[in-house]
Amino acid sequence: MARVAFIGLGNMGGGMAANLVKAGHAVTAFDLAEAALAKAEGNGCTRAASAEEAVKDAQAVVTMLPAGRHVRDVYESAVLGKAPTTAILIDCSTIDVATAREEIGKAWQAGYRMVDAPVSGGIAAADAGTLTFMVGGADDAFEAARPYLEKMGKAVIHAGGPGAGQAAKICNNMLLGASMVATCETFVLAQKLGLDPQTFFDIASKASGQCWSMTSYCPVPGVGPETPADRDYQGGFAAALMLKDLRLAMEAAQSVDSYTPMGAAAEELYTRFAEALGGGTKDFSAIIRMIDDSWQAPPAG
Ligand code: NAD
């Protein structure tokens, strides 16, 4: 059993902290939102009055926060110099590669080991303890973080040095976003050319067009295995989060002067769908409704 501080108990962090409790750890939790804190307490965490209080005698600190600026704020104001330097620092948030590298550098200078460990898998996987962690950091930091991550996930992969976890995450999601758009426009075209969608699925699944966005996550209702498309695109991976990841990918691409035309097209299309057309809370495969022109924007307000 170890003393773990958990900061950021939202949709993802709530379930992850509960799984650390189930694994026998003593989890001290902090979130700015009272409702998130109360839920964590109900799941067996001990409530802290501040992030600083949560980390004060921790052996591991886990954070699951919205974006880079929240991670910078929390680490610089409440973790570095406040947690014992023996604590392993694990940031599971999806943030920009540059901030991840900067914070790991600052932690190292202050005497800590730290990793970036973003996840693949949504809220259901966070609750079930079946996330995939992509981890960036030095070998010793990875080994120190691994036992905690294994209690929250089904796979823990060392991607490379500081920031490599974030790089792997946004590259994967850029590929996913672009391949989902390609899958959607392909099915719309196939139907307009008179092909039955299930028949086309059966053919393309065994031909060279095969890809995860089609065979495991088909955006067409009633075709392939059950997916969010069969539940009016509820649940799954929100289009707003896909857009967040595509923006991080474009920012990273610009920083290393990498040409990403398909990623840029996907970012533009998801901006239109999630923001201009109000589809942000739908699963990201719902973008097919923008492509086939059947999307009805939710009423304003
Ligand atoms: P969320 O908004 O539900 O939770 C974030 C929590 O952080 C909130 O409860 C908020 O109150 C808290 N918070 C913000 N600033 C804080 C601070 N300074 N101190 C303490 N708590 C603070 O978000 P989420 O869906 O849980 O996502 C968290 C991260 O995981 C994001 O980076 C997201 O991109 C990533 N992610 C989400 C999913 C998903 O399906 N939701 C999947 C993969 C990765």
Side-chain angles (χ1 to χ4, degrees), residues 5-19 27-41 43 45 47-55 58 61-80 82-83 90-97 99-100 103 116-135 149 152-155 165-166 168-174 176-177 217 228 233-249 251-252 270 274 280-285:
F6 205 112
I7 303 167
L9 303 146
N11 289 323
M12 297 292 288
M16 292 164 71
N19 284 322
V27 180
T28 305
F30 179 70
D31 194 292
L32 295 176
E34 170 55 32
L37 259 183
K39 196 167 169 203
E41 244 184 330
N43 286 332
C45 298
R47 168 195 290 257
S50 64
E52 197 173 326
E53 186 192 299
V55 307
V61 175
V62 184
T63 47
M64 192 55 163
L65 296 160
R69 66 179 190 283
H70 308 93
V71 171
R72 180 180 292 119
D73 277 3
V74 166
Y75 278 88
E76 296 187 13
S77 71
V79 178
L80 303 183
K82 311 290 192 321
I90 306 171
D91 178 37
C92 297
S93 329
T94 301
I95 67 169
D96 57 290
V97 177
T99 302
E103 293 308 308
D116 54 297
V119 306
S120 174
I123 301 164
D127 289 344
T130 55
L131 293 165
T132 293
F133 289 93
M134 307 160 213
V135 189
L149 298 175
M152 299 184 282
K154 64 173 168 33
Q166 301 294 351
K169 161 94 189 176
I170 58 168
C171 286
N172 177 73
N173 280 18
M174 184 179 85
L176 176 63
Y217 213 89
Y233 305 96
Q234 299 296 332
F237 182 48
L241 286 174
M242 171 52 83
L243 177 58
K244 172 192 169 179
D245 293 352
L246 287 168
R247 285 182 172 152
L248 290 174
E251 202 180 302
Y270 274 101
T281 59
K282 291 283 188 185
D283 179 72
F284 78 117
S285 63

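Atoms within a ligand are numbered from 1 in the order they appear, just like the ligands themselves.
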Task: With Tyr217 via ring-ring contact (aromatic ring centres under 6.0 Å, His included) - residues at least two apart - done: Trp212, Phe284
- [ ] Test Glu34 against Arg47 for salt bridge (Lys or Arg N to Asp or Glu O under 4.0 Å), laying out the working first.
- [x] CA-CA 10 Å; Glu34 170 55 32; Arg47 168 195 290 257; 3.0 Å; yes
Open item on the list: I'd like to know whether NZ of Lys39 has more than 12 heavy-atom contacts from other residues, nucleotides or ligands below 6.0 angstrom.
Closed with: no
Open item on the list: Please check this pair: side chain of Asp283 against backbone of Ala238, looking for a donor-acceptor N/O pair closer than 3.5 Å.
Closed with: no
Quick check for students: name every N or O atom pair between ligand 1 and the protein closer than 3.5 Å, with distances.
from     : atom 1 : to     : atom 2 : distance (Å)
ligand 1 : 3 (O)  : Asn11  : N      : 2.9
ligand 1 : 3 (O)  : Asn11  : ND2    : 3.2
ligand 1 : 9 (O)  : Asp31  : OD1    : 3.2
ligand 1 : 9 (O)  : Asp31  : OD2    : 2.7
ligand 1 : 11 (O) : Asp31  : OD1    : 2.6
ligand 1 : 21 (N) : Leu32  : N      : 3.4
ligand 1 : 26 (O) : Asn11  : N      : 3.3
ligand 1 : 26 (O) : Met12  : N      : 2.8
ligand 1 : 32 (O) : Leu65  : O      : 2.9
ligand 1 : 32 (O) : Pro66  : O      : 3.0
ligand 1 : 32 (O) : Thr94  : N      : 3.0
ligand 1 : 32 (O) : Lys244 : NZ     : 2.9
ligand 1 : 34 (O) : Lys244 : NZ     : 2.8

Task: Distance-only side-chain donor-acceptor flag, Lys154 / Thr132, under 3.5 Å - done: yes
Task: Asp116 side chain to Gln166 backbone, donor-acceptor under 3.5 Å - done: yes
